[in-house]
Protein chains: 2
Amino acid sequence: MSSDNQTKKTGNIRVKSQVKILSAARTEFVLQGYRGATVQSIADRAELPKANILYYFKNKENIYHAVLENTLEMWDQGIGDIVPDEGPKIAIEKFIAAKVRMSFNHPEASKIYAMEIIQGAQHLKDYARTYQRQWVREKAKLFQHWIDNGEMVNVDPVHLIFLIWSATQHYADFDTQILTIMNQADFEEHDVEQVIAFLSDIILRGCGLI
Amino acid sequence: MSSDNQTKKTGNIRVKSQVKILSAARTEFVLQGYRGATVQSIADRAELPKANILYYFKNKENIYHAVLENTLEMWDQGIGDIVPDEGPKIAIEKFIAAKVRMSFNHPEASKIYAMEIIQGAQHLKDYARTYQRQWVREKAKLFQHWIDNGEMVNVDPVHLIFLIWSATQHYADFDTQILTIMNQADFEEHDVEQVIAFLSDIILRGCGLI
DNA sequence: GTCTATAAAACGATAGAC
DNA sequence: GTCTATCGTTTTATAGAC
């Protein structure tokens, strides 16, 4: 029993420390880039000695891989899906709303991903080549089906997906620029709803769904 | 005269070296980030000794500033403008086409800019606060005028600008991902025209202009 | 204006005491 | 599992010969 307790306690410290480290690392990687984020700066932000960071993750590259995996998993779960059941209008509306909400709630996740792609997707090539390509093809087929059925106008389904991705993620990746232009310190709930309404409106009309 | 010639020659070497260095630096900064791009890696890419790089730019930060200025100037000149003379349809069409062409022809410029914004726009805060905010307000007023005149449907002009920016720049910043998904090695002229046609079509219809 | 050699600092990673 | 001290390397930047 005492051994069980100790194991649990130890496991807890392990998990808690790892969560703290990953959170600190994510922020540092966003702010400074992979090379600019030092193990020391991650340690300082996590409020742990540098050696502990390397005790848990062995080296800096492992920290980054863990952050990347962690981030992709969270992002994939949050953005929902495009499903055939309710027709194109509801499907696109729901997808836009989910992606906009994710962008406003987890900008760092989108930024980590964006920086990875911009720099050449060295750690994500397989991800795009297998999982993502498959997803896009599946959804493109669904859009094409709706187009052939006369349920929406004839727009390129693949580029439509790119449009929704870019327009929604923009509010995460470029938040600094957008806030400066809008002359605000932070986004508020009302901004999120306004963006969802704007993008749904213009994209649905663009697809002949309004 | 011989002194004039020498001055000219010297000036030429100076300019040529600086152009070579800035081009190499831009590529390295995109691929490795600010901290990841070393003076040595820039020197190697420019095919010059490291000391020469620092002879021309004194330190690494100066190289980055020069790249940033250079890039912004080029980008600003290339994307054209939104002008009132020909009405909303032609104005938006021309702006989209210019931005898409710039994105496909100079992806590195867009990437440098994107990474700067994502990381917090430390070197661009003033640029967004003065020049860019002014530009957006001016164009938003123009869109609002068209809306009030019944020439286009009532969409938020500021978010419309964000939409056009994000959708067009996406093809520069995320080129790696897009090419992987489309299963292509490179973009071709036909891709550029297809993107222009797609984005013009869907955004103009979204604005009630088709 | 070009290039080599090197000083000075920063960084990743490890050893080993507690 | 925590932390200090330190090693080896990389990197920025400069000094100085050509």
Side-chain angles (χ1 to χ4, degrees), chain A residues 2-68 119 122-123, chain B residues 2-68 119 122-123:
Chain A
S2 103
S3 135
D4 270 344
N5 270 338
Q6 207 177 347
T7 307
K8 256 186 195 164
K9 224 178 199 166
T10 305
N12 256 335
I13 289 176
R14 218 184 161 77
V15 171
K16 272 188 189 172
S17 288
Q18 283 184 347
V19 169
K20 249 169 100 178
I21 292 167
L22 286 178
S23 170
R26 180 162 37 239
T27 304
E28 282 299 313
F29 284 131
V30 167
L31 290 174
Q32 313 289 341
Y34 176 74
R35 261 321 240 311
T38 66
V39 178
Q40 186 64 61
S41 73
I42 295 170
D44 290 349
R45 191 175 287 274
E47 291 175 306
L48 287 168
K50 184 172 75 159
N52 292 30
I53 310 290
L54 291 163
Y55 167 74
Y56 280 115
F57 287 95
K58 187 170 165 67
N59 60 39
K60 185 175 159 178
E61 221 196 324
N62 280 2
I63 306 176
Y64 184 69
H65 274 118
V67 165
L68 211 55
Q119 299 199 351
Q122 291 302 331
H123 304 88
Chain B
S2 106
S3 137
D4 269 345
N5 270 340
Q6 206 178 346
T7 307
K8 256 187 195 163
K9 223 178 201 167
T10 306
N12 255 335
I13 290 176
R14 218 187 160 74
V15 170
K16 271 188 189 171
S17 288
Q18 283 184 348
V19 168
K20 247 169 100 177
I21 293 167
L22 286 177
S23 169
R26 180 165 32 243
T27 303
E28 282 299 313
F29 284 132
V30 167
L31 289 175
Q32 312 288 342
Y34 176 75
R35 267 311 247 311
T38 66
V39 177
Q40 185 64 61
S41 73
I42 295 170
D44 290 348
R45 192 175 286 274
E47 291 176 305
L48 287 168
K50 183 172 74 160
N52 293 31
I53 311 290
L54 291 162
Y55 167 74
Y56 281 115
F57 288 95
K58 188 172 165 64
N59 61 39
K60 183 175 160 178
E61 221 196 324
N62 279 3
I63 305 175
Y64 184 68
H65 274 119
V67 165
L68 211 55
Q119 298 199 351
Q122 291 302 331
H123 305 88

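In what follows, chains carry the letters A, B, and so on, assigned in the order in which the sequence lines appear, proteins first and then strands, with residues in each chain numbered from 1. Since the model is a prediction, treat every value here as computed from it, not as a measurement.
Taking atom NZ of A:Lys20 as the reference point, atom P of D:dG1 lies 15 Å away to the nearest angstrom. When the P atom of D:dG1 is taken as reference, atom CZ of A:Phe57 falls 12 Å away, rounded to whole Å. Going from atom CD of B:Glu28 over to atom P of D:dT11 covers 11 Å, rounded to whole Å. Protein atom CD of B:Glu47 is 16 Å distant from nucleotide atom C1' of C:dT2, rounded to whole Å. Rounded to a whole Å, the CD1 atom of A:Ile13 is 7 Å from the C1' atom of D:dG1. Atom pair B:Lys16:NZ and C:dT2:C1' shows a separation of 17 Å (rounding to whole Å applied). Regarding B:Asn52, its CG atom lies at a distance of 5 Å from the P atom of C:dT2, rounded to whole Å. For the pair B:Leu48 CG and C:dC3 P, the interatomic distance rounds to 7 Å; values are reported in whole Å.
Here B:Tyr55 does not reach the OP1 or OP2 of D:dT14: none of its side-chain N or O atoms lies under 4.0 Å away.
Under the side chain to side chain contact (heavy atoms under 4.5 Å, CB included) test applied with A:Phe57, the options A:Val67, A:Ile21, A:Val39 reduce to a single match, A:Ile21.
Between A:Lys60 and A:Ala37, the shortest heavy-atom distance links the atoms NZ-O, 2.8 Å. Residues A:Ala43 and A:Pro49 share a closest heavy-atom pair of CB-C, 4.0 Å. When all heavy atoms of A:Ile63 and A:Ala25 are compared, the pair lying nearest together is CG2-CB, 3.6 Å.
Using modelled atom types, no side-chain atom of A:Lys20 and backbone atom of A:Glu47 make a donor-acceptor pair closer than 3.5 Å.
Among residues at least two apart or in separate chains, side-chain hydrogen bond (donor to acceptor under 3.5 Å, both in side chains) pairs with a member in residues 29-43 of chain A are A:Glu28-A:Ser41, A:Thr38-A:Ser41, A:Gln40-A:Asp44.
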Under 3.5 Å, N/O pairs linking protein and nucleotides 9-15 of chain C:
from   : atom 1 : to      : atom 2 : distance (Å)
C:dC11 : OP1    : B:Arg35 : NH2    : 2.4
C:dG12 : OP1    : A:Lys60 : NZ     : 2.9
C:dG12 : OP2    : A:Val39 : N      : 3.1
C:dG12 : N7     : A:Lys50 : NZ     : 3.2
C:dA13 : OP2    : A:Lys60 : N      : 2.9
C:dA13 : N6     : A:Lys50 : NZ     : 2.9

